[in-house]
Every structure is written in C-alpha cells, then in structure tokens.
Amino acid sequence: MEAQGISRREAEVLTLVGEHLSNAEIGAQLYISVRTVETHVSSLLRKLGAADRRGLAQLAAEWSRAAHGGVPAPSLPSPVTTFIGRTRELAALTAAVREHRQVSAVGPGGVGKTRLALAVAEAAAGDFGDGVWFVDLVPVTDPGMVGAAVAAAVGIGEQQGRGMDDSVVAALADRRALLVLDNCEHVRDGVAPFLERLLAACPRLTVLATSRARLTVPFERVHPVGPLSLDGEGDSDAVALLLERASAVGWPVAPEQRVRAAAICRGLDGVALAIELAAARLPALGLDGLAEVLPDQLRLLTGGARAEDRHRSVRAMLDWSHALLEPGDRALLRRIAVFVSPFTVDAARRVAGFAPSETAMVVDALARLTEQSLLTLVPSPGGTRYRTLETIRQYGSERLAESGELDDVRARHLAWSLTVATGLAGARPSGTWRGDFDAAADDMRAALGWAAERPGHRGEAHDLAIALAQLTFTRNLAGESQQRYEQAASLAGDPAATRVALRQAAAVAGCRQDGDGMYRLYRAAAEAATNPGDTARDLATAAAVTYRFSGAFTQPPASGEAARLLDEARGLAGDDPAAQAAVALAACGVLNEAVVPQATALAEEAVELATRTGDPLALSAALDALTAVQAWAGDTFATAATTRKRVELLASLPVTPASAHERVNALSEAAETSVGVGDLHAARRWGEQLRDLPLLAERGDFATSRLLVADALSGNVADVLTGSGRFRDAWERTGSLPAPDLATAAAAVAMVHGLRGDDGARAEWLSIVAAMAPEQGAGFSAVFDAIVRLHHGHADLALPGLRAEPGEMGEWAIWVWQHWYVALRAEASVLTGHPEASDRIGAARAIVAGNPVAEALLDRARALLDGDRDGLLAAAASFEAAGCGYQRARTLVLAGGEHAAAGADALAELGLARP
C-alpha cells in the first residue's frame, strides 16, 4: 500500500469500503465528514486503478487478506487490458464532458463504448474535485432501481424520510463530480427521469452515459461512437487492437501478416468485441485459418454482402463463435445468461448444470468459455466469479429463448435465488455478509421480477419478496425493504400473510420517518384482516401513529379522523388482548385534552393491557405514552425512569423493523431525560448507543444529537467538536431543513464554542439553531446562554434570560431543562446580588432533589453566597463524581487561591477559555 501512496487514513477508508459500508457509515466509524470520505474514496479509485466502488471493495478485501496473512499484496494494474487507439474520439468526448452537463456515448453493442467511457473518465478526473463514479447498469433489471445502483456505486445510503432517488439527489446537490452510467439502454425508462431530476437539482454534476440509443433528456449532448478506425491498413486502430489481443493470448502477429490482419478487421467492420473474439480463436486456428474461415461464415450468416448495420458483425462473430462450441458449452453459455451479476461455479452448476451440460462438466466448460473470451474472470473475496459481457449475455438470452429452455432455466434461477436469500436471511451479519448480499442482490431482484409476473410461481415470488425485504432492511436499504414487503403483500396467497407483510412494511416506514406511509399501511393491514380483533388492532395502531410520530407526517390525517378510527377499533376489539392494548394506547393520544389525572389513568391502563399481551413492543409503545404524560405533569424523575425501562426492555430483542423503530425512539428519549435528571453518565451511554445504530448511519445529525448535548454539558469538548462535524454535514446533506428535534444539539455546540471564546463559531451555530427551530428553544437556549455568560463573568447578562418563572414556560420547552434552569437561575441571582437569591436557592432545592448536577450547582451557589471555600471544593468533588468535568474546573476557579490555578489548567486541558 505504501508503494502506491496510500495514506493511513486512506487505508482505513479502504478497509471499510471492503466491508461494503456507505460513505456515511464510514464517516460515522472514523468520525470524519462524508465529504472527507468521498475525497478519500476518489483518491483510492485513482491510485488503485479501480473502475468503480465494487472493484475498490474487491481490492480492499484482497489487500486486507494480504496485510493480515503475510501474503504479498497483489499487483493491481489499472484496467485489465490496455486502451487501444481512438485518440481523436477520446479527445473529443473528453472535451464534451468538460463542456456539457450530460453527454451520451451512443453506439451499437460491442463497439467499445464502455472502454472509451472509462478512458474519458480517467482523462477528465482532474476536473472533478469531488470524484468520478462509474455505475454499471447491466445488473439493474427494474427501471425504478437506477437510483439505488447509483447510490451503491457512490457510497450513498438512504436517508430517513427520503427515498433512494431523493437521497442521491440531496447527497450530490453541490458536488463537482462526474457520474458515468454504463449500459443504459435496457433501463432507459428509469434512467431518463432520474437524470432529469438529478441534473436539475445538481448544477455542478456532469453525467457521461453509454447507451445503444439516446436518452432524450433535456441536457443531453449525443456523441456517436462508431467502430474502430480501419484507415491505414496495417496501422489502423482496429489492427492495433487485434495485434495487442493476439499477443495477450500468446499468438503474436508478424509484421508481414498485418495486411491479412487488416483484412480480418475489415471483415469484422472494426467492431471491438468481434475483434476480441476473433483474437481469442487464434491459438486454435492461427491467422491464416481465421482469415480463410471467417469470410465464408460471415457471408453465410448475413446473406452475402456485408451488412450496413454494423451491429450485425457482432452477431455474426457471436454466431460463428457459438457454432464452434461443443454442445455442452453452447448450452452453458445460453443458460448462464440468466445471471445479471458475476456468478460462482456453484451457482452455474445449480442453474445450468443439466444435460447436455452436466453438473460435472460445468467447471471445465466455464474455463473453455473464458479462454474464448466469452466470459471474463472476476476475482472476489469469496472466490472466483465469472462475468458475461452484456452483449454476449443478450445473445445468450436470445439463444435460450430459441432453445425452449427459458422457463426451466428461469425457474432454476429463481430456486437458486430463493436458496441464497433464505441462507443470507438466516445468517448472522458478519464482515462478509454485506459483500455476499451485494453479490447476489441483483440476481434476486431479477428472479423476483420474473416470478412475480407468473401465476405458477406466485408462492415462490412471495417468499423471495419477504426474504429480500428482510435482507434489504439489514443492509440499510429501508426504502427497498418497504417496497418488497408491500410487494410480498400483493403476492400473498392468504389474507393473514398479506396483513403480516403490510404491518412489516408499516414498521419499515416508521424507521424511514415516513408517518404518512405508516398510517396508510396500518390502515391497509386493517382492511386485509379477516377477524375483528386484528382489524381493531391495526385501526388503533394507525390512530396511535398520528400522535406518537406526528412529526414524521408530511400530510397529517384530517382533524377527527384518528378519533373515528379509535371509535371503530373500540367497537371491534371485543376481548382480544392485543386489540384492547392497541385501543388503550391510541386513546392516550387521541384523547389528549384530558386533565393530568385522567391522562395518567389512560396511560397506566395502556401499560397494564400491553403487559398482559406479553408483547414487548406493545409494552414499549405503552410506556412511551406514559412517558408523555409524566413529562406533561412535570415529573422529570418518573419520565427518566420510564424511558430507562423502555431501553432495557428493548435491548435484548432481535433486530426487526418494529423493534428498531421503537429502540431509536427509546434511546433518544432516554438520553434526553437522563440529561434532565443530571445523570450524564447514562445520557452519554444512551447517546453513544443511538449514535452507533446502523439504522441511523445516513442520519448523522439525529444519531449524534443526544450525545452532543451530554458531551457539551460534561465538558468533553474534543468529542463535541468531532461529533458536530458529522452532525452538521448530515443536516446540510438533507437540505438544511427545519428540524426542531435537532436544535438542542446545535445549541449545545454553540455553547461549547462560546466557552472556548470563539464568538464567530458560536454565532454560526446559533444561526443553525434558528434555522432548525425558529419558534422554539426557550428551555435549552436559556440554559446554554446562561452557562456561557456565567463562564465569562457576565452574570448580569445571564439573569435576564432566566427571568421567567418555570411555571410560565410550556412543559415541552422546560421539562428536560427545568432542573438546570432553576439551579442556574439561583446562581445568577447570587452573583448579581439579587435580593431573592437565598429564597431561589431554597425553592430550587425542592425541585431538583436527587439530581446530582443540579444539586451541585445549588451547593456552589450557596457557597458563593456564604463565602464558603470548603463548600465550593465539596461542590467541585460532586461535579467530578457526576461526570461534569467542566463545572468542576469552573468551580475550582471560583474557589480562588491555589485552586484557581488548578481550575484554569483543567479548563485549558478541556480546550476551554479561562474565565
């Protein structure tokens, strides 16, 4: 690696690319921004000569084995074969890419569009500072999956609340990058609208597409790609390609034979693929034999004169190569055309290993097809795979249809895909799991697409859709997971299976922060239910969604609709325990105008009924309702205790869409409420767990938000500065939209910059707070502002921001921050000589009793009021025990004398300014 100029950080990124992590996931693990990851990936692509991210992942796995197994690192030449000729075309197409937003290299199959596009990408890479990305669309069989293929190549994961296409658009919005889309023709209906949106929203992005037909999008600049030049006879580009490939197979052409080589190239119309296939036959026929046989074969196949359609020369060459194969090899070539991705020997045996290509013959047949350039070898961490060039695969598909074997081979491919999917779904995700899934995913999708249209395979299609839904959820492809669950529901053979799939789809929608989708899918599940209890449960759950996850809706249900659903559910619930629990849960939110005692009774009833069901997820939801009531009542300690109970309840559950959704919600609330009661150790623990959830990899803003607050209050300045980079990067990638739930974290970062004395950075982060929550912030803003002003000795400025009585502030603005607010208010009163300072200390003690940080703040305030240095030192020790290093250091400074110097040193060690 060092010989190739790979830095230590790039090596770390490379290792994680090899584990098939997205750029956001890599950034989360290495605590760097997504933009920095993109820069490293682009550099690695260039240094290692990988064409795309999948190739880079393969190189990463090989390097990892070499680095840890003592095996010399493999030689990694840039492309597998050299780029021959096309000097003028390369220059012209490179210039077009530099000048135009979208360029389409259009030409017949086999003419060399892909190789030319790769050469252009390499030549133009220096003009695109944010990266050059290559996307092979051959494995994509569903036009709706074009965006997902781009995301996988670029390393973009799906952001919560957005589909994959929207996530790609958001991630590339301000990137100066080049995107190469190869082999667009079979998914033009998906490529065209995707590109139109992408280019309209990403003004600095350039797209180079290869296709057999133009894409007809607004920005398109078409660049025809013809055959290799035949000018110059023995010195033409076509001859140069034949000579180079002939040497590669151990059959160099003597100078005196170039005229004959030129004649062969003319007979093949200069089509690159045809020339490559001819060169592969040289060891068997020699140049003279090739020259004698080929013309007759071409005349036979094209009806005499050479066809004007240059693509016919490719078909002729393929027909000729096909005719020279043994019957078993011909059968294998057409059967393996059902694979859309590189496949293993075992896969070929299972799908194509039957007469006349028996299972035992498959290995040798694959080797022969590879020797004849009809297949290419693809090294991979799991062993050798074989890849069929798209032109040859399409040819094989035609032959397969002609043979009458199509349905049989497709059914075998479906059975193989279902076996692989079931195995992956039952396997525990490990270091190789993602790579194994990625290698098979496109074939599973293709098999599902075929089976879904055939009534005779409906049951298998349903099973594969369910397995693929589970797998894509594990792979953090939540949008596709929801799509597959909904597809499974449409394929299910009975209402019970339909309902199960719809409920799973609803849970995934929740993980995606798609409240509208959750509501729609639970209502659909209710319609699919065949007994009143199930109908009641799903109707009540839909009603509960409207208040539990109200912030996830883009179009909330009409006023009164949730109440109507609740009434209907109550009438159907009967004595079904699960339905009764769901109805009680919905009642907690729908009847939100109840006074506190009534609301508490409703929530406690929901908890009791959920407990009887034995369903931990139902209990978690009921505890969430109880949390809301406790917060509303101002019982901070009870709220914190309930959220901790939820986290502990969910900790041991297997990861499913429903449990993952509940766990995100529970960890977020647990971290918040732990801050409210001064348990900073717990707040950091829950915040770290939230930060590290794979589900939130693409939502680094939400993932880090709770930990940022806990770290800021603890005085972990370095961690705040690091985490704030991921937080801000993720928020900006989502479009810098209002996000009231994130504003507290941004305010905490602003506080840290204020404590550091960096007024510019503080002002910048306060503007982010305003953008996130323009109408909120009274509770946390008052606390954070007071901490900064008190730190710099401006108690006179701090106290006005703490003027309001806690009871005058809305419960949702103050409930987490009430203890901090009243304690800081008491201290500011002491430092300003307020006549009610002593009374405020006493009143606050009754509120904060049991909160170690707030009690220490009040102890410090009392010691300052009384001039009690020992009291200050005791408060410092209390802060240290509570994990509040910043307040400990500041207390030592306030103690004066030799303690002040120790406090100043402690502040400097934390990275904070001395008061």
Taking the six-membered ring for Trp and the full ring for Phe, Tyr or His, determine whether the centres of F784 and W817 are under 6.0 Å apart.
yes
Which side chain to side chain donor-acceptor pair (under 3.5 Å) pairs, counting each pair once, include a residue from residues 709-722, with sequence neighbours left out?
R684-D711, D711-N716
Considering non-hydrogen atoms only, spot the tightest contact between A804 and Y821 and give its length.
O-OH, 2.6 Å
What residues form a salt bridge (charged side-chain N to carboxylate O under 4.0 Å, His left out) with R162, not counting sequence neighbours?
none
Side-chain heavy-atom pair D741, S705 within 4.5 angstrom cut-off:
no
Do the side chains of K645 and E648 get close enough for a salt bridge, i.e. N-O under 4.0 angstrom?
no
Run the salt-bridge test on R35 and E732 with the 4.0 Å N-O cut-off and return the result as yes or no.
no
Using a strict cut-off of less than 4.0 Å between a Lys/Arg side-chain nitrogen and an Asp/Glu carboxylate oxygen, indicate whether D701 and R733 qualify as a salt bridge.
no
Between Q159 and T734, is any side-chain donor less than 3.5 angstrom from a side-chain acceptor?
no
Give the ring-plane orientation class for W433 versus F437, where under 30° counts as parallel, over 60° as perpendicular and anything between as tilted.
parallel
Partner set under side-chain hydrogen bond (donor to acceptor under 3.5 Å, both in side chains) for D130, not counting sequence neighbours
none
Side chains of T642 and Q630: any donor to acceptor distance under 3.5 Å?
yes
Which residues share a side-chain hydrogen bond (donor to acceptor under 3.5 Å, both in side chains) with T673, sequence neighbours left out
T643
Would you mind telling me which of R706, R646, R548 makes a salt bridge (Lys or Arg N to Asp or Glu O under 4.0 Å) with E669?
R646
Pair listing, side chain to side chain donor-acceptor pair (under 3.5 Å) test, anchored in residues 746-762, at least two apart
R762-D785
Run the ring-ring contact (aromatic ring centres under 6.0 Å, His included) test against Y886 and tell me which residues pass, sequence neighbours left out.
H791
Which atom of R53 lies closest to which atom of S22, heavy atoms considered
NH2-C, 3.9 Å
Is it true that R685 and D679 make a salt bridge, defined as a side-chain N closer than 4.0 Å to a carboxylate O?
no
R197 versus D165, closest heavy-atom pair with distance:
NH1-CB, 3.8 Å
Only one of R484, Q483, Q482 passes side chain to side chain donor-acceptor pair (under 3.5 Å) with E480, and that residue is R484
Which value, rounded to the nearest 0.5 Å, describes the distance between Q504 atom CD and F473 atom CZ?
9.0 Å
Which of H819, Q887, R825 passes side chain to side chain contact (heavy atoms under 4.5 Å, CB included) with L857? It is Q887
Atom OG1 in T36, atom CZ in R726: separation rounded to 0.5 Å?
13.5 Å
